[in-house]
Amino acid sequence: MKSKETRALIVDIIADIAPEIDLTDTTGDEHLQETFGLDSMDFLSILEEIAAKTGVDIPESDYEEVVTLQGMTQYVAKRAP
Amino acid sequence: MTETRIRKSAPTDTLPVMPDYQSYYERFRWDDAWEMLDGLPDGGLNIAHECVVRHARGPRAGQTALRWIGAGDDRRELTYSELSELSDRFGAALRNLGVTKGSSLFSLCGRVPPLYIAALGTLKIGAVFCPLFAAFGPEPIRQRLQGGSGKVLLTTARIYREKVAGLRDDLPHLEHVVIVDALGEDLPEGTLAFEDLLKGNGKEFVIEPTGREDRALLHFTSGTTGKPKGVMHVHGAVVAHHITGKIALDFHDDDIFWCTADPGWVTGTSYGILSPLSNGLTMIVDEAEFNAHRWYQILQDEEVTVWYTAPTAVRMLMKAGPDVPRQYDLSRLRFIASVGEPLNPEAVLWADEVLGLPIHDNWWQSETGGIMISNYASMDIKPGSMGRPLPGVEAAVVERTDDGVTVIDEPRREGELALRAGWPSMFRGYLDMEERYRSCFVDGWYLTGDMAQVDDEGYFFFVGRADDLIKSAGHLIGPFEVESTLLEHEAVAQAAVIGKPHPTAGEVVKAFVELHSGFTADKSLLRDLKGFARQRLGPTVAPREIEIIDEIPRTRSGKIMRRLLKARELGEPEGDTSTLEGGPS
């Protein structure tokens, strides 16, 4: 999956789960939970939606890699068909 | 919770009955309230005597007790003297039919004058009055008439033919059916005409010498699960009906009072019949259902001074917009109160701004017989709070422990709302559920099943029914707080919140919302609503899921049926829906 496409998909998923967050002017390096106030349930919901829409399951051991929008995008883009 | 405060500065023309809450609470003795009643000559007590007989014999004899506004153009006024005489005649006719003390009369009709005459006549002979909603279908009717061994049923010809005639074989206790709206050959077979029963002479009628502890009223209340409970009340409850009208609703002698509730709901009996009559007021009864213009018209034309209504109605008035009340002169209105569900803070502030008066929320249940916690004319309002305990009532927030209950002293900590048992209008039992009744009382407290908090100034805040509380990821979330926040959004007309089972969190908050007209249910609105709630409540308490539906299911008394929404969400059986507004009939 192309990185740009993946990012758009994730931004859309986050907008469903936490619409109050504005990701348009972000670098993508911000820690999603710490910077934007997402709680762990939000985070899990985002990962569930990603799995449902792309088929990419992110195991707990890889959570460190997906704490930012950028990290999440790269992780998914690399693995999604 | 909003910490806005509506200050009660110097009163206007009318000084509140209770000018200062704290000192009144400390001074209050129930004995002083009993002194306000008349009592029967032999020392007994009868609700109907207090409500009409004593006024019919005094200076209020010629004053209008009941001003009835029909759904069409009909109107009827009954003075205290007329209402007392007609209920004497009805009582005498019941006696002639063999109806005696302890028998029960059920009503199943709309808000028409015969209902009020029959209620008082029933109480006068010491029989038990049990009001039902006219919209009930055959099954809830059968269930309640059987449970309460109804001996007499007061209803209309249409309701009888459609819903009751087919049940008669199942109702061996039902001996007489009295039809309020038909005579002669229009009368269904096997029934009596109300008008015929009133033809007799009531002059020799003597009221039954009932006492404080004799049973008087039976109210069915829908349980969260299982079959409805029959809540039993005694004649002595009238002392609470009387004094709560004065203190909580600020009744003054010349008030014109409108309680919008149907007598099929406990409010419509305690405050739609008994309390205003006991206090000698003129009460308005409107036969028709809710309509914003009609309601404002009634408030204006009938010069209503005290108005007691429900949150659902208030929210529907809000939905109709602020321009509607501006077309009417509501200057006679002095006091507004609300009960049934907690009133969201926005509604209190809306009324203060648009109607020029705040709404005084109060709290009670079928089991308590009368208002127990209330906002008062003389006391500052904290919107969202149900107020403070009625003088004569001790309330606390408690925690159940293994060997009893512990009172929670810490402000704002959640627990179960409890009342010190023994106030006069306390229920005396659930019909045929003695064990269930006993289990409501622990360590001398009546446990209400409602979760609440009390702040450092003694104001109580409703959190939710114990059964409705949502346990999400270790947090306890009350649906009311979430609903109140959603209601602050311009698109939301009604909101209901439930806990939806979730594999990780135990439960997550799910909200159902009904939109104001002019808003479209689409993805962008859903996102807007969710973001709005999350910014105000935080991600833990805000709904994780929002669904827009056409209509939030409510009971006929206006309570949101969260249990039903949850059952639908889970695809489970819907259970007892007999009290559902617009439900099966």
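Given the structure is predicted, the values throughout are model-derived calculations rather than measurements. Residue numbers begin at 1 in each chain, while the letters A, B, ... track the order of the sequences. Quick note: numbers below take in every heavy atom, side chains included, and nothing from hydrogens, waters or symmetry partners.
More than 12 heavy atoms of other shown residues, nucleotides or ligands fall within 6.0 angstrom of atom CG in B:D522. Applying the 6.0 Å contact sphere to CD of A:E60 captures no more than 12 heavy atoms from other residues, nucleotides or ligands. For CD of B:E572, the number of neighbouring non-hydrogen atoms (other residues, nucleotides, ligands) closer than 6.0 Å is greater than 12.
A heavy-atom distance below 4.5 Å is not found between the side chains of A:I17 and B:R544. For the pair B:P539 and A:M41, the minimum side-chain heavy-atom distance is 4.5 Å or more.
In this structure, the portion of A:L44 lying under 4.5 Å from any heavy atom of chain B is its side chain and not its backbone.
When B:K530, B:R534, B:H502, B:K523 are compared by the number of non-hydrogen pairs under 4.5 Å with chain A, B:R534 comes out ahead.
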